Amino acid sequence: MLEIEKKLTKFISSLPLIRIKDVKLEHPADVTFGDYSTNIALQLFGTLKTEQKTQLQVDNPRELAQYLCASLQDNLEKFEDLSQWIDKIEVAGAGFINFYLTNKFLVDSLAKALSTSSFGESQSGKGQVWELEHTSPNPNKAMHLGHLRNNLVGMAIGRIWEAVGVKVIFEAVDNNRGIAIAKLMWGYLKFARKQDSTPIDLQYWHSHQNEWYQPSDNNQRPDMFVDKLYVQGAADFDQDKQVEEQVRQMVVDWEANDSVTWALWELVLNLSYQGQKLTLDRLHNRWDKVWHEHEYFQQGKELVEEGIQKGVFKVLPDGAVLTDLEKFGLSDTIVRKADGTALYITQDIALTKLKMEQKVHKLHWVVGPEQKLALEQLFAICDQLGIARARDLEHLTYGYMSIKNQGKMSSREGNVIYIDELLDLGCEKASKLINHDHFSEKEIEELAEKVGVGAIKYAILKVSRTADMAFDEESALALDGNSGPYLQYTHARAKSVLQKADITLQEMQELYRGEDSLLNTIGHDEFNTTDGSLQLLRLIYQYPDIIEKSAYSNDPSVLATYLYELAKTYNSFYNKHQILVDDNHLRKYRLSLTHCVSHIIKHGLGLLGINAPIKM
């Protein structure tokens with residue numbers, strides 16, 4: 001929270017009947033309604049007793065707001081800093097109280113933004129260590145669009161947390177064992193043979209591996225090669241009981257550490273990892289730690305035994321082990337089957353324990369909404385076992401994603417879109433937005449990648465995290481409207497202006513040295529006309545607050561929406577006002593606005609994982 005917001009909150013709560021926790025401040029969407037607004041009068045009116053309303057002589061929330069507004073005006077001088085920062089206080093509508101900041105405060109905030117290379121960042125989260133699990137693609141398929149929103153949301157949230165001082169550990173889970181991987185292994189063994197006459201035999205494969213195809217033999221991406229083999233292996237498993245038995249035996253042999261089975265397992269997984277890395281590198285993915293399921297899956301059984309001893313779990317007559325989650329308001333779930341084998345939740349309990357042993361304060365799961373109940377059960381179990389408090393475990397869900405006019409994606413229906421297919425399409429269309437006369441072929445290719453991938457990222461991240469969305473490639477790649485290319489173009493425009501001006505940052509900063517130098521040398525209308533710089537000033541000072549709100553709401557769309565408003569406001573200012581005017585003071589002032597806008601857009605897009613080109 002900004003210093004002005006803290007002081008304003010304290011100021012409002014200094015009035016009788018109002019507590020700090022009751023005060024909620026917002027930035028009005030329309031700047032004509034001030035810089036901050038509170039609905040405290042509407043909120044308070046409903047809780048006042050009849051005799052209190054009579055004593056205050058108020059019959060409705062607006063009259064209460066007028067009473068509070070007058071009280072605030074009378075007490076403003078007691079808050080020395082605020083008396084210099086608040087220009088006026090007014091009542092609006094049914095009972096909103098609006099606060100208008102002084103031009104001096106806004107200009108001082110601009111000077112601070114100009115002199116601070118890390119403007120927007122804070123240390124409000126310093127000392128906190130948060131773990132963030134995101135993406136975690138299964139290693140038997142190429143990455144499709146369902147993984148894309150997970151990755152973009154997870155990476156953006158983590159970067160924004162880092163911008164407020166939190167130490168973030170980015171992690172993934174590699175579900176690299178079990179029946180699904182065995183189906184892939186079978187798919188390779190049977191369908192990657194170069195000759196149909198080659199025996200479908202694991203021992204034979206081990207001694208004659210050159211008789212099986214590799215992705216490079218047919219110029220295929222490794223992950224697409226694996227994806228096709230998994231689909232073929234899974235279909236064969238479903239259609240042939242004898243195949244099913246052989247595949248299940250692979251799982252048994254793998255768990256018995258059979259060296260030949262492990263050799264095939266390592267081969268197919270490495271192919272998958274190679275292909276997925278190509279996609280993840282394009283997205284600028286980051287994992288500080290990858291948890292491989294085969295390294296910890298046995299530990300969950302030990303924790304189940306511990307839970308039985310503590311009375312947390314109960315053993316059913318058939319030998320299965322059941323939870324007791326009634327006090328959490330949750331349905332119970334099995335944590336160990338009657339035959340003694342583990343389930344996914346059994347392994348998740350062990351993994352949560354391992355994560356907490358990294359000495360983190362909070363764990364976070366960026367996982368789709370279909371896992372809501374399973375994660376709630378996991379959190380409750382970990383609380384019961386003393387592994388972690390449930391309140392320190394958080395599910396950061398996100399809405400479903402589809403393609404416009406195609407509905408929900410489904411591999412069964414054949415309408416899955418792979419991430420790289422979408423990225424390639426975005427880059428192809430982005431190339432058409434670029435003026436080819438100004439760039440070499442290599443530069444066009446690099447710029448198209450930045451613009452195309454950035455457009456797709458922004459189109460997804462601008463949508464509220466929990467909202468469902470239908471991706472629309474046409475609007476995503478538009479040069480106008482709320483799109484990534486629009487923000488990138490605005491940044492490039494601002495950089496072009498600064499380059500033409502041939503001015504240093506130090507020269508711009510000189511304008512703000514000396515008491516009231518700027519306000520005394522630039523006309524009053526520059527700050528108060530509706531098409532002047534006031535709207536930009538009112539947005540620039542909010543940037544640190546926007547990052548904090550985006551961080552603590554775990555929603556990158558808060559930041560994306562702000563960046564669009566800033567870009568839109570700057571472009572309107574640019575179209576109505578000449579930046580490089582003859583008046584030296586006014587020229588430096590407008591250039592300093594341009595510099596701050598370019599810094600914020602580049603910094604903000606960076607937090608969203610989007611590149612900000614200097615030329616387009």
Side-chain angles (χ1 to χ4, degrees), residues 2-5 7-8 25-38 76 81-93 96-116 119-120 487 490 493-494 497-498 508-509 511-512 515-546 561-581 583-601 604:
L2 294 174
E3 184 181 4
I4 175 67
E5 194 165 344
K7 288 182 179 292
L8 197 52
L25 291 168
E26 294 182 348
H27 297 291
D30 185 343
V31 295
T32 59
F33 292 118
D35 297 286
Y36 284 102
S37 180
T38 179
L76 186 58
D81 288 342
L82 276 179
S83 64
Q84 300 176 39
W85 294 347
I86 300 297
D87 184 39
K88 61 181 178 178
I89 310 172
E90 290 183 345
V91 174
F96 292 92
I97 302 175
N98 298 332
F99 300 84
Y100 295 78
L101 298 173
T102 62
N103 290 345
K104 183 180 185 309
F105 173 86
L106 297 174
V107 170
D108 286 348
S109 297
L110 177 65
K112 182 179 179 181
L114 200 66
S115 63
T116 308
F119 178 70
L487 292 177
T490 304
R493 165 180 273 180
V497 171
L498 293 168
M508 286 185 276
Q509 290 170 343
L511 186 62
Y512 302 89
E515 188 176 355
D516 290 336
S517 58
L518 178 63
L519 292 171
N520 288 336
T521 54
I522 294 179
H524 187 70
D525 287 347
E526 180 70 18
F527 302 102
N528 290 309
T529 56
T530 56
D531 62 351
S533 60
L534 187 61
Q535 286 81 355
L536 277 175
L537 289 172
R538 282 177 160 164
L539 286 169
I540 289 170
Y541 87 88
Q542 295 180 30
Y543 187 49
D545 193 32
I546 292 295
T561 299
Y562 165 84
L563 292 176
Y564 171 59
E565 287 301 318
L566 180 67
K568 185 172 63 172
T569 303
Y570 176 76
N571 284 321
S572 176
F573 178 76
Y574 175 92
N575 290 329
K576 292 177 181 176
H577 300 275
Q578 185 179 349
I579 307 294
L580 303 180
V581 293
D583 184 315
N584 190 46
H585 282 85
L586 186 57
R587 183 171 180 268
K588 284 184 179 179
Y589 169 61
R590 289 179 175 174
L591 286 170
S592 64
L593 285 172
T594 300
H595 172 84
C596 288
V597 168
S598 69
H599 165 81
I600 291 172
I601 291 178

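Computed from heavy atoms alone, side chains included, the values below leave out hydrogens, waters and symmetry copies. Because the structure is a prediction, the values reported are computed rather than measured.
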My understanding is that only residues two or more places apart in sequence, or in another chain, count here; which of them pass ring-ring contact (aromatic ring centres under 6.0 Å, His included) with [X]?
| X | answer |
| --- | --- |
| Phe33 | none |
| Phe573 | His577 |
| Tyr564 | Tyr486 |

Salt bridge (Lys or Arg N to Asp or Glu O under 4.0 Å) against Lys88, all qualifying residues, sequence neighbours excluded: Glu90
Set of salt bridge (Lys or Arg N to Asp or Glu O under 4.0 Å) partners for Arg538, sequence neighbours left out: Asp35
Residue pair Tyr512 / Ser115, side-chain donor-acceptor N/O under 3.5 Å: no
Looking at [X] and [Y], what are the two nearest heavy atoms and their distance?
| X | Y | answer |
| --- | --- | --- |
| Val581 | Gln578 | CG1-O, 3.3 Å |
| Leu591 | Leu498 | O-CD2, 3.7 Å |
| Leu101 | Ile86 | CD2-CD1, 3.9 Å |
| His599 | Phe119 | NE2-O, 3.3 Å |
| Ile600 | Leu563 | O-CD2, 3.8 Å |
| Ser533 | Tyr589 | OG-OH, 2.5 Å |

Which value, rounded to the nearest 0.5 Å, describes the distance between [X] atom [atom1] and [Y] atom [atom2]?
| X | Y | atom1 | atom2 | answer |
| --- | --- | --- | --- | --- |
| Leu114 | Lys588 | CG | NZ | 11.5 Å |
| Ser592 | Leu536 | OG | CG | 10.5 Å |
| His595 | Ile540 | NE2 | CD1 | 10.0 Å |
| Leu106 | Lys104 | CG | NZ | 11.0 Å |
| Trp85 | Ser109 | CH2 | OG | 8.5 Å |
| Leu534 | Thr569 | CG | OG1 | 11.0 Å |

Quick one: does [X]'s side chain get under 4.5 Å of [Y]'s, heavy atoms only?
| X | Y | value |
| --- | --- | --- |
| Ile4 | Leu82 | yes |
| Thr594 | Tyr570 | yes |
| His27 | Tyr36 | yes |
| Leu566 | Leu487 | no |
| His585 | Leu511 | yes |

Geometric class of the Tyr543/Tyr562 ring pair [parallel <30°, tilted 30-60°, perpendicular >60°]: parallel
Neighbour count >12 (heavy atoms, 6.0 Å) for atom CZ, Phe96: no
Test side-chain contact (heavy atoms from CB on, under 4.5 Å) applied to Leu25 and Ile97, Thr38, Asp545, the passing residue: Thr38
Residues Asp583 and Arg587 bridged, charged N to O under 4.0 Å: no
Test side-chain contact (heavy atoms from CB on, under 4.5 Å) applied to Ser83 - qualifying residues, sequence neighbours left out: Leu76, Glu77
